[in-house]
> 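Questions regarding the structure given below will be posed in turn.
Computation of the quantities below employed the complete heavy-atom set of this structure, encompassing side-chain atoms and omitting hydrogens, waters and symmetry-equivalent molecules. When a ligand or atom number is given, it counts from 1 through the structure's own listing order.
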Amino acid sequence: MKQKQEDINENKRIEKTVYLCFSTDIIHGGHIAIIQRAARLGKLLIGLMTDEAVATYKRFPILSYEERRKIIENIKGVSEIVEQTTLSYVPNLLKYKPDIVVHGDEWKEGIQAPVRQEVIETLKTYGGQLIEFPYSDNEEYKILEKNAVTQLSIPDYRRGTLKKLIGLKPVVTAMEAHNGLTGLIVEKTVVYDQGSAKSFDAMWISSLCDSTSKGKPDIELVDMTSRFTTINEIMEVTTKPIILDGDTGGLTEHFVYTVRTLERMGVSAVIIEDKKGLKRNSLFGTEAQQTQDSIENFSEKIKAGKKAQQTDEFMIIARIESLILKRGVEDALKRAFAFIKAGADAIMIHSKNKDPEEVFDFCDRFREQDKQTPLVVVPTTYNSVTEEELQKHGANIVIYANHLIRAEFPAMQKVAISILKNHRSLETDSACMPIKEIITLIPE
Ligand code: SPV
Ligand code: MG
């Protein structure tokens, strides 16, 4: 009789489907314990987050989806693995209708709370159940995660993450950073909206912002040694891939050294623009005297850089200034194909028009002939365009080139003015972040 009851229980157990989402790439005892507990409730379906989903909400995964899948499918108790492509569980819950969703109870608070709420509401629609296990705050596991972050900042790992992201995401976004603090903002800012997460994928070390933060004009006056110091400062406290605005690249004889240094540092890409002589910021357009380099000279510079390059992951990106200098889309296309022939890994097309039409035109015509080479765009002046629209026209990387410094300057100036006017700081206190908050930004 006892045997029979156990059989019935066993059958009931098998009937239930249990869903457990996994995003981690460091599998430890805590994960095994939760898998075992979940498996006791029924047939265990693991929703394994894709690399893109993990990279967007947490950090770049050290182990790829495939590697993680191989490990998890061999853990006792796991019946099946399915892809979870978003932070939100909803698409998978509606698709697989698991009877039970299992999670640690730590997600009741903080960034995951809206994701949890969505799970509860979706389960309600078909009579599913959420089971939460008490979360154990194990110090050892926290150290493992810290070590993973350290590993991500190692040059040999960091360098390749840009190429990987281009392969993973429909569009890669980069935000400018000009010091450790702005680097931390790019690294850590995440926005959660309806169960999805969005953060910047990469950092742009702008010549304009690096120069401006030093109170200098953007004319290649801040030398490479100083630019390397800025990069280093940012790298020390962040892990996301770095794209350097390399201005004109300087003399070809100098550029080859720059390439090697950047690779050694773990920078992912350098973008050099096809200008020569005294470089002025592109947003001056034709108001400033600027000279475009010849296709031949610039191609030679690219070729030399590619020859000097030691790793496969580093990218040399050619930036075309034809639209800035009002030479038209035809000239820009001619240059793009010549620079790719010279070895450029991607093309950046720049424009200072208010609307994106000429950039769209360039991208569409470029994509008619080349479906592969990544395209980079910088929508500073044509800023009503969305990332999705740019992506539809074939753009792969969208750079927000100068926004943090432009936000910083007026905010600081306003505070300075208020203190001068009031002879005290009380009136401006609400415009300043409390010290308690600002220190939470800084890693220990
Ligand atoms: C920079 O950010 O320094 C750039 C982009 O080169 S732009 O300022 O638009 O020329
Ligand atoms: Mg620049």
Side-chain angles (χ1 to χ4, degrees), residues 172-179 182-183 185-186 200 202-224 226-228 230-231 234 241-250 255 258 262 267-293 298 301 315-327 332 335 344 346-356 358-359 362 375-385 390 395 397-409:
V172 169
T173 57
M175 168 56 93
E176 76 94 351
H178 51 271
N179 56 20
T182 45
I185 288 177
V186 184
F200 293 108
M203 295 171 195
W204 164 246
I205 316 291
S206 148
S207 67
L208 172 69
C209 303
D210 202 356
S211 309
T212 305
S213 72
K214 293 172 173 59
K216 299 243 169 95
D218 181 18
I219 52 172
E220 295 189 276
L221 173 65
V222 176
D223 67 14
M224 265 305 157
S226 171
R227 310 285 312 277
F228 294 152
T230 303
I231 296 172
I234 293 167
I242 286 183
I243 306 170
L244 174 70
D245 172 0
D247 286 320
T248 64
F255 181 55
T258 304
L262 293 173
V267 170
S268 301
V270 62
I271 301 190
I272 53 169
E273 58 193 276
D274 59 352
K275 289 207 291 240
K276 65 175 184 183
L278 179 65
K279 188 221 76 152
R280 309 291 300 274
N281 183 273
S282 299
L283 301 177
F284 283 122
T286 47
E287 283 162 33
Q289 176 61 38
Q290 317 208 45
T291 319
Q292 207 170 13
D293 202 354
F298 200 66
K301 200 182 282 186
M315 298 172 80
I316 297 179
I317 302 176
R319 161 173 168 175
I320 294 165
E321 293 286 294
S322 304
L323 304 183
I324 295 287
L325 300 170
K326 302 279 171 233
R327 300 238 165 91
R335 286 171 171 266
I347 294 294
M348 169 176 153
I349 185 69
H350 204 12
S351 159
K352 68 177 281 289
N353 273 3
K354 275 264 177 224
D355 68 67
E358 64 177 7
V359 171
F362 173 90
L375 282 178
V376 184
V377 292
V378 186
T380 304
T381 52
Y382 53 101
N383 56 10
S384 61
V385 74
L390 290 162
I397 302 181
V398 174
I399 296 178
Y400 296 97
N402 45 40
H403 298 79
L404 295 188
I405 205 153
R406 284 166 59 204
E408 203 173 72
F409 188 91

> Mind checking side-chain contact (heavy atoms from CB on, under 4.5 Å) for T230 and listing every partner two or more places apart, or none if nothing turns up?
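T230: side-chain contact (heavy atoms from CB on, under 4.5 Å) contacts with I205, D210, K214, I234.
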
> Under 3.5 Å, is there a donor-acceptor pair linking the side chains of K275 and Q292?
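Distance-only check fails for K275 and Q292.
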
> State whether a side-chain donor-acceptor pair under 3.5 Å links E408 with H178.
yes

> Would you mind running through ligand 1 and noting each atom that sits below 4.0 Å from a heavy atom of A401?
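Close to A401: 2 (O).
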
> Are S282 and E321 linked by a side-chain donor-acceptor pair shorter than 3.5 Å?
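Distance-only check passes for S282 and E321.
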
> What's the shortest distance from atom 10 (O) of ligand 1 to any protein heavy atom, and which residue and atom give it?
R319 NH2, 2.9 Å

> Which is it for L208 and ligand 1 at heavy atoms under 4.0 Å: side chain, backbone, both or neither?
both

> Looking only at protein heavy atoms, which one is nearest to atom 8 (O) of ligand 1, and how far off is it?
N281 ND2, 2.9 Å

> Any side-chain donor paired with an acceptor under 3.5 Å for S226 and D223?
no

> Say whether S207 and D247, considering side chains only, have a donor N or O and an acceptor N or O under 3.5 Å apart.
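Yes, side-chain donor-acceptor contact under 3.5 Å.
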
> Under the rule for side-chain contact (heavy atoms from CB on, under 4.5 Å), what residues qualify as partners of A269, not counting sequence neighbours?
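If we apply the side-chain contact (heavy atoms from CB on, under 4.5 Å) test to A269, skipping adjacent residues, the hits are L162, I243, M315, I317.
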
> May I ask you to identify the nearest protein heavy atom to atom 2 (O) of ligand 1, giving residue, atom name and distance to one decimal place in Å?
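Closest protein heavy atom to atom 2 (O) of ligand 1: S206 OG, 2.8 Å.
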
> Could you list the residues that satisfy salt bridge (charged side-chain N to carboxylate O under 4.0 Å, His left out) with D218, not counting sequence neighbours?
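For D218, the residues satisfying salt bridge (charged side-chain N to carboxylate O under 4.0 Å, His left out) (neighbours in sequence not counted) are K279.
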
> Of all the non-hydrogen atoms in the protein, which one sits nearest to atom 9 (O) of ligand 1, and at what distance?
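The closest one turns out to be H350 NE2, 2.7 Å.
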
> Report yes or no: does a heavy atom of T380 sit under 4.0 Å from some atom of ligand 1?
no

> Which distance, rounded to the nearest 0.5 Å, do you find between the CZ of R319 and the CD1 of I399?
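With rounding to 0.5 Å, CZ (R319) is 8.5 Å from CD1 (I399).
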
> Taking the Mg ion (ligand 2) as the centre, count the protein N/O/S atoms lying under 2.8 Å from it.
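Step by step: take the Mg ion (ligand 2), keep protein N, O, S below 2.8 Å, and you get 2.
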
> Is there any N or O on D245 that sits under 3.5 Å from an N or O of ligand 1?
yes

> For N402, is the nearest heavy atom under 4.0 Å from an atom of ligand 1?
no

> Do E176 and T182 have side-chain N/O donor and acceptor atoms under 3.5 Å apart?
no

